[in-house]
*Asks:* 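Following this message is one structure expressed as C-alpha cells.
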Amino acid sequence: MVTSVLPRVESLASSGIQSIPKEYIRPQEELTSIGNVFEEEKKEEGPQVPTIDLTEIESEDKEVRERCRQELKKAAMEWGVMHLVNHGISEELMDRVRKVGQKFFELPVEEKEKYANDQSSGNVQGYGSKLANNASGQLEWEDYFFHLIFPEDKRDLSIWPKIPSEYTEVTSEYARQLRSLASKILSALSICLGLEEGRLEKEVGGVEELLLQLKINYYPKCPQPELALGVEAHTDISALTFILHNMVPGLQLFYQGKWVTAKCVPNSIIMHIGDTIEILSNGKFKSILHRGLVNKEKVRISWAVFCEPPKDKIILKPLPETVSETEPPLFPPRTFAQHIEHKLFRKTQDNLSN
Ligand code: OGA
Ligand code: NI
C-alpha cells in the first residue's frame, strides 16, 4: 500500500524552516538565472509579453476584425503567449473563481488531504504535490489541485472541493465561458493559417472531445526563493492554456535567450499556445518555454486551464496546408499520449547526459 508521506510544500513553508530541503534546490547552472521576482517584474527594458485586446475579434466590420486577428497572429507567432484583455469574461466572475479557489486552499492541510490524488494508481485528479520523477529527486515549490472541468459529462463532481459551497457553481460557469473563448481563439487562429474557421477546433477534438483541465497552482512563501522554482521550465502540452492569478508576479517566459518576467495586467487572462497547436501549425505558432518563480513575502496562486485533445483518438501532425516544399513538417505524427511519452523520454535522456 502506498500512503501519502510527502509533506505538502505548504506544511514545509509554515513549519518555520529558514533553509529549504535539498530536493527543492535547483541545479547550479539554473541558479544563476533566478532572481528576486519583484525586482524582475519592475524591469521596463527589453522585450515584454504582448497584450492583445479582443474587443474587435468578432466585429461586424471585416477590416476591423482582420486587424484584431493580425495582432493575435503576430503574438502567437512571435511569443506564443500573451495577456488577453477584453476577452468577454467578466471581472466579477474572475474574482469569484479566485475567491473560491483561495478559500479552498485556506482550509487546513488535513482537510485538503481528504481530496489527495494518488498518482501511483493513476488517479491524477485532486490535491497533490509533484513527485520526483528522476534520480536527482528534484521537487518544485508548490502544491496544486487538479481536475477536469469541461465537457460537463466527463467531470467527476465527487472529487471537486465541497468547501466553499459555491466552488462547483462558480468553477463550472468559468469553464463554460472559457470553452467559448477557446472556440473564438481557435477560429481566429484557423483563419490566420488560411484554414476554414472551424478547422483547428475540429482538429483538437471539438466540443465533445477537447478537455479542459483546471490546475490551481498554490505557491507558498519560500524562505530561499532564489534557490527554488515554483514550476520548472517547460512548455505546455495543451492546445491552449488560459491562466488567471492573484496578481503576485511569478511567471517567466524564455524569449530570445533570456527570461522575461510577465507583468501583472489587471483583468487579463494569460494565454499560451501549447505544443498541440504548435504541431498542427507546423511551428508557425510557438509553444514557449516558461517557468514560475516563488518569493518570500506573498503566497502566489494561479488558475491554469489546459485545453487538451483526447489522449489516443487523434493523431497530431502538421496540417497539410501548413507544409510545403520550403516548409517541411517539423514534427512526426504522434497521438497526444505519445507526445507526452516522447517528452518524458527526452527529459530522461537529458538527465542521463548531465
Ligand atoms: C503551468 C504553469 C505558471 C503559473 O501550470 O503549466 O506554467 O503562472 N504555471 O503558475
Ligand atoms: Ni505551463
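We count ligands from 1, going down the list as the structure has it; atoms in each ligand are counted the same way.
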*Asks:* Which heavy atom of the protein is the closest neighbour of atom 5 (O) of ligand 1, given with residue, atom name and distance?
*Replies:* Asn217 ND2, 3.2 Å
*Asks:* Counting each atom of ligand 1 from 1 as listed, which ones have a heavy atom of Phe306 under 4.0 Å away?
*Replies:* 1 (C), 5 (O), 6 (O)
*Asks:* Write out the residue and atom name of the closest protein heavy atom to atom 8 (O) of ligand 1, then the distance separating them to 0.1 Å.
*Replies:* Arg300 NH2, 2.9 Å
*Asks:* Looking at atom 6 (O) of ligand 1, what's its closest protein heavy atom, distance included?
*Replies:* His234 NE2, 3.0 Å
*Asks:* Please confirm whether His245 approaches ligand 1 to less than 4.0 Å, judged on its heavy atoms.
*Replies:* no
*Asks:* Hey, does the side chain of Lys296 reach the backbone of Pro225 with a donor-acceptor pair shorter than 3.5 angstrom?
*Replies:* no
*Asks:* Would you say that His83 contacts Val49 through its side chain, given a criterion of any heavy-atom pair below 4.5 Å between the two side chains?
*Replies:* yes
*Asks:* Using a heavy-atom cut-off of under 4.0 Å, does the side chain or the backbone of Thr241 touch ligand 1, or both, or neither?
*Replies:* neither
*Asks:* Check Arg291 against ligand 1 and report side chain, backbone, both or neither, counting heavy atoms closer than 4.0 Å.
*Replies:* neither
*Asks:* As an exercise, identify every atom of ligand 1 less than 4.0 angstrom from a heavy atom of His290.
*Replies:* 7 (O)
*Asks:* Would you mind naming the N, O or S atom of Asp236 nearest to the Ni ion (ligand 2)?
*Replies:* OD1
*Asks:* Is the Ni ion (ligand 2) less than 2.8 Å from an N/O/S atom of His234, whether that atom is in the backbone or a side chain?
*Replies:* yes
*Asks:* Quiz question: by atom type and distance under 3.5 Å, do the side chains of Asn217 and Lys215 form a donor-acceptor pair?
*Replies:* yes
*Asks:* In terms of atom number and element, which parts of ligand 1 are under 4.0 angstrom from non-hydrogen atoms of Asp236?
*Replies:* 6 (O)
*Asks:* Quick check: do Arg300 and Leu251 have side-chain heavy atoms less than 4.5 Å from each other?
*Replies:* yes
*Asks:* Under 4.5 Å between any side-chain heavy atoms of Tyr24 and Cys222, yes or no?
*Replies:* no
*Asks:* Would Arg176 and Glu173 pass as an ion pair if we require N to O under 4.0 Å?
*Replies:* yes
*Asks:* Tyr219 near ligand 1, heavy-atom distance under 4.0 Å?
*Replies:* yes
*Asks:* Using the side chain to side chain contact (heavy atoms under 4.5 Å, CB included) rule, pick out the option among Phe145, Tyr167, Tyr115 that qualifies with Trp160.
*Replies:* Tyr167
*Asks:* More than 12 non-hydrogen atoms from neighbouring residues, nucleotides or ligands closer than 6.0 Å to CD on Glu327, yes or no?
*Replies:* yes
